[in-house]
Amino acid sequence: MHSETLSFFEKVYEVARLIPYGRVTSYGAIAKYLGAARSARMVGYAMNSSHTKDVPAHRVVNRKGLLTGKHHFEGTNLMQQLVESEGVRVVNNQVQDFDKLFWDPSEHLL
DNA sequence: CTCTTGACTGAGG
DNA sequence: GCCTCAGCCAAGA
């Protein structure tokens, strides 16, 4: 599962699938968890390709809790609808109570 | 091999 | 708090 043969994208997908229902994390947090703290942009790039795969990409937002990837989902508001369906409140693309809902992949190891 | 493309981030003003 | 800029680097062409 965590083979070295997995591409960076595939590793990102594995971590994204660990995000609990109703919680969110950031591109940077996932990158850090993978030991590639400076590859946050790559995480977002990977999410762009997660379209067809079984990955909860809507639970990944930027460090401020903004839904920066919403334009990559179908329709004009699908990403927000998905997170809100999990109980996450969003106002102007900003996740409310972001500090409380933020899930750090690194905590998963503790 | 080189070059471009970014769903990012931290620092500086 | 805001905005801008530069560094970041995997993948695909």
Side-chain angles (χ1 to χ4, degrees):
Chain A
M1 209 45 112
H2 296 350
S3 168
E4 323 271 307
T5 65
L6 288 176
S7 69
F8 184 81
F9 279 24
E10 292 170 318
K11 290 180 182 175
V12 170
Y13 301 149
E14 289 297 313
V15 180
R17 294 191 181 99
L18 297 176
I19 306 172
Y21 180 96
R23 301 294 296 283
V24 296
T25 192
S26 70
Y27 304 96
I30 292 176
K32 185 177 181 180
Y33 175 86
L34 292 176
R38 297 170 183 169
S39 299
R41 302 182 69 169
M42 301 303 98
V43 175
Y45 201 29
M47 287 295 121
N48 192 35
S49 299
S50 72
H51 181 48
T52 59
K53 312 195 184 332
D54 180 27
V55 178
H58 58 281
R59 295 179 191 149
V60 185
V61 300
N62 81 348
R63 66 168 172 142
K64 299 177 182 175
L66 291 170
L67 307 190
T68 51
K70 67 179 299 182
H71 297 306
H72 293 266
F73 284 78
E74 291 179 32
T76 58
N77 219 30
L78 179 59
M79 185 179 189
Q80 180 171 332
Q81 291 178 355
L82 288 172
V83 287
E84 291 189 316
S85 72
E86 299 186 355
V88 177
R89 290 176 298 105
V90 179
V91 178
N92 289 328
N93 299 326
Q94 168 67 57
V95 172
Q96 303 300 291
D97 296 316
F98 180 56
D99 292 348
K100 297 178 182 176
L101 296 176
F102 180 75
W103 178 80
D104 186 346
S106 299
E107 289 180 29
H108 179 73
L109 298 174
L110 304 181

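Proteins get letters first, then strands, A, B, ... in listed order; numbering begins at 1 in each.
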How would you label the contact of Y27(A) with the nucleic acid (heavy atoms, under 4.0 Å): base, sugar-phosphate, or nothing? base

Give F9(A) one of three labels, base, sugar-phosphate or nothing, depending on what nucleic acid heavy atoms sit under 4.0 Å from its own. sugar-phosphate

Closest-nucleotide ordering on DNA chain B, the 5'-leading residue of S26(A) and Y45(A): Y45(A)

For N48(A), answer base if it contacts any base atom (sugar-phosphate contacts may also be present), sugar-phosphate if it contacts only those atoms, and nothing otherwise; contact means non-hydrogen atoms under 4.0 Å. base

Are the side chain of R17(A) and the backbone N or O of D54(A) linked by a donor-acceptor pair below 3.5 Å? yes

Among dC8(C), dA11(C), dA7(B), which nucleotide sits nearest the side chain of S7(A)? dA11(C)

Would you kindly give the CZ-to-P distance between R41(A) and dG12(C), to the nearest whole Å? 17 Å

Taking C-beta and beyond as the side chain, do Y33(A) and L18(A) meet within less than 4.5 Å on heavy atoms? yes

Can you check the M47(A) CE to dA10(C) C1' distance for me, whole Å? 14 Å

Atom-to-atom span, CG of N62(A) to P of dC8(B) - whole angstrom: 7 Å

Whole angstrom is fine here: how far is it from CG in L6(A) over to C1' in dA10(C)? 15 Å

I'd like to know if the side chain of E86(A) and the backbone of P20(A) have a donor-acceptor N/O pair within less than 3.5 Å. no

Interatomic distance where NE2 belongs to H72(A) and C1' belongs to dC8(B) [whole Å]: 12 Å

Mind calculating the distance between CZ (F8(A)) and C1' (dC8(B)) to the nearest angstrom? 11 Å

Of the nucleotides dC8(B), dC9(C), dG10(B), which one has an atom closest to the side chain of M42(A)? dC9(C)

Roughly how far, to the nearest 0.5 Å, is the CE atom of M42(A) from the OH atom of Y27(A)? 12.5 Å

Nearest whole Å is fine: how far is dA7(B) P from N77(A) CG? 18 Å

Give A36(A) one of three labels, base, sugar-phosphate or nothing, depending on what nucleic acid heavy atoms sit under 4.0 Å from its own. nothing

Base of dG10(B), side chain of R63(A) - is there a donor-acceptor contact under 3.5 Å? yes

note: L34(A), atom CG; dA10(C), atom C1'; distance rounded to Å ~ 12 Å

Do any N or O atoms from the side chain of D104(A) and from the backbone of S106(A) form a donor-acceptor pair under 3.5 angstrom? yes

May I ask you to evaluate whether S39(A) reaches the phosphate of dC8(B), defined as a side-chain N or O under 4.0 Å from OP1 or OP2? no

